[in-house]
K.L.:
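Attaching a single structure in structure tokens format; questions to follow.
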Amino acid sequence: MASREDMAALDRTDPLAAIRDKFELPDGVIYLDGNSLGPLPKGVPARVTEVVERQWRDDLIRSWNIHDWDRLPLSVGDRIAPLIGAGPGEVLVGDSTSVNLFKLMAAGLELRSERRVIVSQSGNFPTDIYLAEGLIRQLGQGHELRLVDGDDVLDAIDEDVALVSLTQVDYRSGYVQDLAAVTRQAHDAGALMLWDLSHSAGAMAVDLGGAGADFAVGCSYKYLNGGPGAPAYLYVPRHLQNQLRQPLSGWHGHAAPFEFETHYRPADGIVRQRCGTPSVIGMSALDAALDVFDGLEMAAVRAKSLALTGHFIDLVEQRCGGHGFTLATPRQPARRGSQVSWQHENGYPIMQACIAEGVIGDFRSPDIMRFGFAPLYLRYVDVWDAVTVIESVMAENRWDRPEFHERAAIT
Ligand SMILES: *Cc1c(COP(=O)(O)O)cnc(C)c1O
């Protein structure tokens with residue numbers, strides 16, 4: 001069995017070890033929830049202060065030109081692009097993931113107007129399903145949402161399908177879809193492919209361009225560490241950009257917003273996916289947060305992520321076996337995202353007890369305890385120490401206190 005010293009030895013040879021110092025991490029906390037809200041990168045406060053206290057306060061409205069505020073949706077998008085296999089001018093930052101899903105699903109259905117089916121998974125993140133339902137109702141053209149139970153979606157993709165809309169890494173189980181194979185199947189059937197990268201971008205290499213994906217969206221407050229409610233991003237490859245019509249035809253997606261023309265005329269390129277005025281403070285924070293990825297090899301990030309999750313699975317099974325945890329995450333590395341989920345009938349109070357002792361993960365209804373392993377700032381000894389806390393919470397039944405059973409609004 002491994003020891004804490006074995007973990008410390010891995011930290012000493014970890015090529016990413018120095019990146020941890022680029023984050024503000026509170027003392028006494030092992031943060032295993034960076035898949036829900038990434039921690040604060042050290043460069044962010046100074047950038048936000050600069051934007052607020054110099055650009056906004058002193059330069060006022062002139063900042064739109066002199067500080068290139070209006071280019072932020074594109075310039076920050078170009079920084080996300082290499083993390084997801086996109087080229088320059090193929091990623092736009094703005095709106096929320098939910099709104100971007102709506103924009104791209106609507107544009108995709110219009111491009112395949114002779115077809116009526118959207119394929120997704122019943123276990124997809126709820127907003128992805130809810131927005132498809134709302135769009136179908138809005139269109140009133142008899143579209144059908146075909147929801148697959150389980151992870152194997154290939155058989156559901158046939159010649160009736162207009163759009164396949166999937167999340168690459170399942171938020172509950174951490175199952176990783178084969179992005180290239182599913183995209184190929186969608187294209188072979190004549191359908192368009194939309195990926196939600198919220199739980200993958202920043203934790204593993206993603207190759208949208210290599211797979212030929214048609215659309216993607218994602219959150220930037222999870223593994224990209226852009227801060228609470230950070231603006232999301234969307235991806236459209238160049239060859240499709242001018243074929244799409246954007247349903248939210250706001251003035252910032254207009255070909256000439258400052259001509260104030262009476263009628264809408266879409267801009268060329270990814271810019272037509274814009275809608276209204278960008279959130280400058282949030283985009284600036286995200287821009288600074290992305291500095292931590294400068295010069296990083298995503299293959300090394302993925303390798304460390306798999307090592308962390310692999311050790312966590314082994315150590316929980318060795319040290320907490322017999323306490324009723326059932327692994328909900330694939331053991332097979334290729335199918336495992338950057339999180340480990342355990343099913344447990346007392347998952348909620350156990351997680352509350354772990355959080356009270358500084359091991360912060362989260363809980364997803366009905367019974368999933370979810371631990372995220374962001375490879376940029378976690379150490380191998382953190383894995384060991386987190387398991388030590390879980391082991392003692394279980395051995396001494398410290399989870400079974402009344403206060404840990406009370407449900408908070410956000411779990
Ligand atoms: C976190 C997450 C979202 C969140 O969408 P918001 O519009 O930012 O609230 C959407 N999809 C997936 C798959 C997610 O994991």
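Counting starts at 1 for both ligands and their atoms, in listed order. Keep in mind it's a predicted model, so treat the numbers as computed, not measured. Hydrogens, waters and symmetry mates play no part in the numbers below; they use all other heavy atoms, side chains included.
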K.L.:
Who's the nearest protein heavy-atom neighbour of atom 5 (O) of ligand 1, and how far?
P.N.:
Thr97 CB, 3.5 Å

K.L.:
Can you tell which part of Val99 has a heavy atom less than 4.0 Å from ligand 1: side chain, backbone, both or neither?
P.N.:
neither

K.L.:
What atoms of ligand 1 come within less than 4.0 Å of a heavy atom belonging to Thr127?
P.N.:
10 (C)

K.L.:
Side chain or backbone of Tyr171 under 4.0 Å from ligand 1, or both, or neither, by non-hydrogen atoms?
P.N.:
neither

K.L.:
Do Gln339 and Ser341 get their side chains close enough for a donor-acceptor pair, meaning under 3.5 Å?
P.N.:
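There is such a pair between these side chains.
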
K.L.:
Can you list the atoms of ligand 1 that are under 4.0 Å from a heavy atom of Asp196?
P.N.:
10 (C), 11 (N), 12 (C), 13 (C)

K.L.:
By number and element, which atoms of ligand 1 are closer than 4.0 Å to a non-hydrogen atom of Thr167?
P.N.:
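In order of number, 13 (C).
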
K.L.:
Could you list which atoms of ligand 1 come closer than 4.0 Å to a heavy atom of Tyr221?
P.N.:
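Those atoms are 1 (C), 4 (C), 5 (O), 6 (P), 8 (O), 9 (O).
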
K.L.:
Is Glu110 paired with Arg245 through a side-chain N to carboxylate O contact shorter than 4.0 Å?
P.N.:
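A salt bridge links Arg245 with Glu110.
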
K.L.:
Heavy-atom count around Ile61 CD1 within 6.0 Å, excluding the residue itself: above 12?
P.N.:
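Result for CD1/Ile61: open.
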
K.L.:
Given that the side chain starts at C-beta and the backbone is N, CA, C, O, which of these parts of Ser198 lies under 4.0 Å from ligand 1, counting heavy atoms, or is it both or neither?
P.N.:
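Just the side chain.
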
K.L.:
What protein heavy atom sits nearest atom 7 (O) of ligand 1, and how far away is it?
P.N.:
Ser98 OG, 2.6 Å

K.L.:
Check ligand 1 against Cys219 and write out every atom of the ligand that is under 4.0 Å from a heavy-atom position of the residue.
P.N.:
1 (C), 2 (C), 3 (C), 4 (C), 8 (O)

K.L.:
Return yes when atom CD of Glu50 has more than 12 non-hydrogen atoms of other residues, nucleotides or ligands closer than 6.0 Å, and no otherwise.
P.N.:
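Yes, CD of Glu50 has more than 12 neighbouring heavy atoms, counting only those of other groups under 6.0 Å.
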
K.L.:
Assess the pair Tyr235 and Tyr233: is the distance between their ring centroids shorter than 6.0 Å?
P.N.:
no

K.L.:
Could you pull out, from Gln168, His199, Arg172, Lys222, the option with a heavy atom nearest to atom 1 (C) of ligand 1?
P.N.:
Lys222

K.L.:
With the threshold set at 4.0 Å, does a side-chain nitrogen-carboxylate oxygen contact exist between Arg137 and Glu133?
P.N.:
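Judged by the 4.0 Å cut-off on N to carboxylate O distance, Arg137 and Glu133 do not form a salt bridge.
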
K.L.:
Considering the options Arg79, Arg47, Lys22, Lys42, which one meets the salt bridge (Lys or Arg N to Asp or Glu O under 4.0 Å) requirement together with Asp291?
P.N.:
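Passing option: Arg79.
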
K.L.:
Identify, by atom number and element, the atoms of ligand 1 in contact range of Ser96, meaning under 4.0 Å from any of its heavy atoms.
P.N.:
7 (O)

K.L.:
Do you know which of Tyr380, Phe371, Trp384 makes ring-ring contact (aromatic ring centres under 6.0 Å, His included) with Phe312?
P.N.:
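The single option meeting the ring-ring contact (aromatic ring centres under 6.0 Å, His included) with Phe312 is Phe371.
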
